[in-house]
Amino acid sequence: MLWPDKPLIQIGAWFALEIGIGSKTSLGTANNSINMTVAGELYLDFGWIGVILGSLLFGAFLAILWNSTRFYSSVYNITGTIFGGYLIILATGSYADLQVLVTLLSTYLIFLFIKKILGHYRVERKV
C-alpha cells in the first residue's frame, strides 16, 4: 500500500451509528455504512444556512446544465437528449451525496466533447 497508516474516513459508518442503524463489531468497526443525502451533508458541514445556500447553488448548477443540453433544439440532438434524461433521473432523487457534482461535471464534459466531435461530421440534409 502507498499509505499504510492512513486514517480511515468513515463518515457513513459514523452516521449509521449516530442514527441507530449500525452497531460496533468486536473489532471496533461499524457493521453498517450509509450515505447522507446532499441536504444532510450540507447540514452536517454548514448547518441550516448551508442547507439553504447549498440547495440554491446546487439547483442553479443543475439549471445551468439543463439549459446547456438544448435537447429541444433539434431532433438530431442525441447527446443533449441523453444528458437531459440523465439530469431528470438525478433530479428525482437518485443522487446520494455531494460527490455527484464531480460525476455531473465529468459527464457533461464527455457529452460536450462528443457533441464537438460529431459537429465536425455533420451531414447537411438536402431538401
**Student:** For I21, what residues pass the side-chain contact (heavy atoms from CB on, under 4.5 Å) criterion, not counting sequence neighbours?
**Tutor:** A16, I19, N32, I34
**Student:** With sequence neighbours excluded, what pairs up with S26 under the side chain to side chain donor-acceptor pair (under 3.5 Å) test?
**Tutor:** none
**Student:** Can you measure from CG (L105) to CD1 (I110) and round to the nearest 0.5 angstrom?
**Tutor:** 10.0 Å
**Student:** Return the set of residues passing side-chain contact (heavy atoms from CB on, under 4.5 Å) with I82 (not counting sequence neighbours), or none when no residue passes.
**Tutor:** I78, F111
**Student:** Should side-chain heavy atoms under 4.5 Å link Ile, Leu, Val, Met, Phe, Trp and Tyr, which residues sit in the same cluster as L56?
**Tutor:** I52
**Student:** Holding to side chain to side chain donor-acceptor pair (under 3.5 Å), I want the full list of residues that pass it with N31, two or more places apart in sequence or in another chain.
**Tutor:** S23
**Student:** Apply side-chain contact (heavy atoms from CB on, under 4.5 Å) to S55 and list each qualifying residue two or more places apart in sequence or on a separate chain.
**Tutor:** L42, V51
**Student:** Sort out for me which residue in W66, F83, F113 forms a ring-ring contact (aromatic ring centres under 6.0 Å, His included) with Y108.
**Tutor:** F83
**Student:** With clusters built from Ile, Leu, Val, Met, Phe, Trp and Tyr whose side-chain heavy atoms come within less than 4.5 Å, directly or transitively, what are the remaining members of the cluster of I64, listed by chain and number?
**Tutor:** none
**Student:** Applying the 4.5 Å side-chain criterion to the ILVMFWY set and letting contacts propagate, would F46 and I49 be lumped into a single cluster?
**Tutor:** no
**Student:** With sequence neighbours excluded, what pairs up with F61 under the ring pair (Phe, Tyr, Trp, His ring centres under 6.0 Å) test?
**Tutor:** none
